[in-house]
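As structure tokens, the structure follows; a few thoughts come after it.
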Amino acid sequence: MSGNQLDKKSQAWSALFSEPMSELVKRYTASVNFDKRLWRADIDGSLAHAEMLATQGIIGAQDLADIQRGMAQIRAEIESGEFAWKLELEDVHLNIEARLTQLVGDAGKRLHTGRSRNDQVATDVRLWLRGEVDAIAALLGDMQRALLGVAEQHADTVMPGFTHLQVAQPVSFAHHLLAYVEMFARDAERLVDLRQRLNRLPLGAAALAGTSYPLDRDLVARLLGFEGVCENSLDAVSDRDFALEFSSFAAITMVHVSRLAEELVLWMSQNFGFIDLADRYCTGSSIMPQKRNPDVAELARGKSGRVVGHLMGLITLMKGQPLAYNKDNQEDKEPLFDSVDTVSDTLRIMAEMVAGIVVKKEAMERAALKGYATATDLADYLAHKGLPFRDAHEIVAHAVKLGLQRGIDLADLPLEELKAFHPSIEADVLPALTLRGSLEARKVRGGTAPVQVRAQIARHRSRLGD
Ligand code: ARG
């Protein structure tokens, strides 16, 4: 069947069929509208397969040359937008193969020797996703660098640390941002890890059982940069763990983004007033002239929903599927594509936005002074003087009560009055009651003391190779 015939008969398997597919079924089953995005991977995979077929003497050298010439032209046609994608040809694979056969004749028809669309599509998605994984790894690096850049300016900027969103203890703004660097660093580790299992070659599995042609799978793997081959043909065509792993990476990363986005939104609100976001990331209101809304941060928070949803969709897609390939698997693409797009765009925009935030140090410090954030420090002070911590805790609660009655901070209570709470309170208590003293005291590894925070920053910079 020539490319034209394939075109006319509209189906790659037509001989057996006595009636054409209805228009509705055609539309329902076709994937070309979205899977054409895999075209580069499809061509690269086909070229590697063809080169191996020629090396093994399964097709001739002339066939290989024809296939290479045809594919070069198809590549140019797709790049320039001239390529005519046809719904009748169902998917990216059949569209490209039909055009190849139209261009180079029989050699095009030999390309599919020892191959099925089942191992072809699994190969294409892996190849495509591998490229995206590498791009996203770079974006995660940029995100971490943006956070580190701000953190470097703020190892001494004090803000309230929260638990239950109630003021808890003073932390530095840098320390707070570095918590997100940790999250994104773990996300990057997850990518490195999943890439290894993603980077294995399904081709050679053919439809499901392998093939009788003497294929050299290792050669194809080498040509395409795969680290190994899928070892069981049934698993090779049906496994979509790599999509699940990526989606779970994406969902976790977006959940991290959503937490950061939520904090940016809160911090920018009038009630916090800790930061400002550049105008280019905000929008106004059509009715309230005074409004500047942090839309980008809100959308980033909101978009985490669809990515988490895609993980649910994909994992449900796989549940209960019998071996081996089922058409269900065509449904893996749209959620995967959308997750890749959403994570990529979101990381890019969040990194830019974070790099440009305006930090309002005084407001942060004022907020830290409001909630008796150094109460634990006073309790620790008493415990150092020999009191059991539980008793110290109780005594400090009384001191806080007095502060609340007077509307002043612990550090502003006269020393004489503090002493009345316990005789071991002396003049050296004052540093423990200040925000800076409290910060400096938390020198434990991983703590918020500026010296530790600077050590964290240095560790991250060297990990990122900066
Ligand atoms: N478009 C199909 C997919 O995405 C390609 C594989 C089709 N294989 C088949 N036996 N119908 O899964």
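Any value given below was found using the heavy atoms of this structure, including those in side chains, with hydrogens, waters and symmetry copies removed. Atoms within a ligand are numbered from 1 in the order they appear, just like the ligands themselves.
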Crowding at CD, E331 (>12 non-hydrogen neighbours, <6.0 Å):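 Open.
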Flag if over 12 foreign heavy atoms under 6.0 Å of NZ, K370: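 Count not over threshold, so no.
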Atom indices of ligand 1, in the order listed, that fall short of 4.0 Å to a heavy atom of [X]:
{"X": "N118", "result": "8 (N), 9 (C), 10 (N)"}
{"X": "S31", "result": "1 (N)"}
{"X": "Q330", "result": "1 (N), 2 (C), 3 (C), 4 (O), 12 (O)"}
{"X": "D91", "result": "1 (N), 2 (C), 5 (C)"}
{"X": "K333", "result": "3 (C), 4 (O), 12 (O)"}

Under a plain distance cut-off of 3.5 Å, with no hydrogens placed, do H175 and Q452 share a side-chain donor-acceptor pair?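 The answer is no; no qualifying pair exists.
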Apply the side-chain contact (heavy atoms from CB on, under 4.5 Å) test between S46 and each candidate in Q68, E97, R115; give the one that qualifies.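 Of the listed options, the one satisfying the test is R115.
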With no hydrogens and no angle check, is any side-chain donor or acceptor of R217 less than 3.5 Å from a backbone partner on E231?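 No, because the side chain of R217 does not come within donor-acceptor range (under 3.5 Å) of the backbone of E231.
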Shortest protein heavy-atom distance from atom 11 (N) of ligand 1, along with the residue and atom involved: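 Protein heavy atom at minimum distance: R117 NH2, 3.6 Å.
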Heavy-atom nearest neighbour in the protein, as seen from atom 6 (C) of ligand 1, with distance rounded to 0.1 Å: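 Of the protein heavy atoms, Y325 OH, 3.4 Å lies nearest.
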Compute the minimum heavy-atom distance from Q120 to ligand 1 and say whether it is under 4.0 Å.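 Q120: no contact with ligand 1 (<4.0 Å).
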May I ask you to test the V32-L89 pair for a side-chain heavy-atom distance under 4.5 Å?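 No, side chains not in contact.
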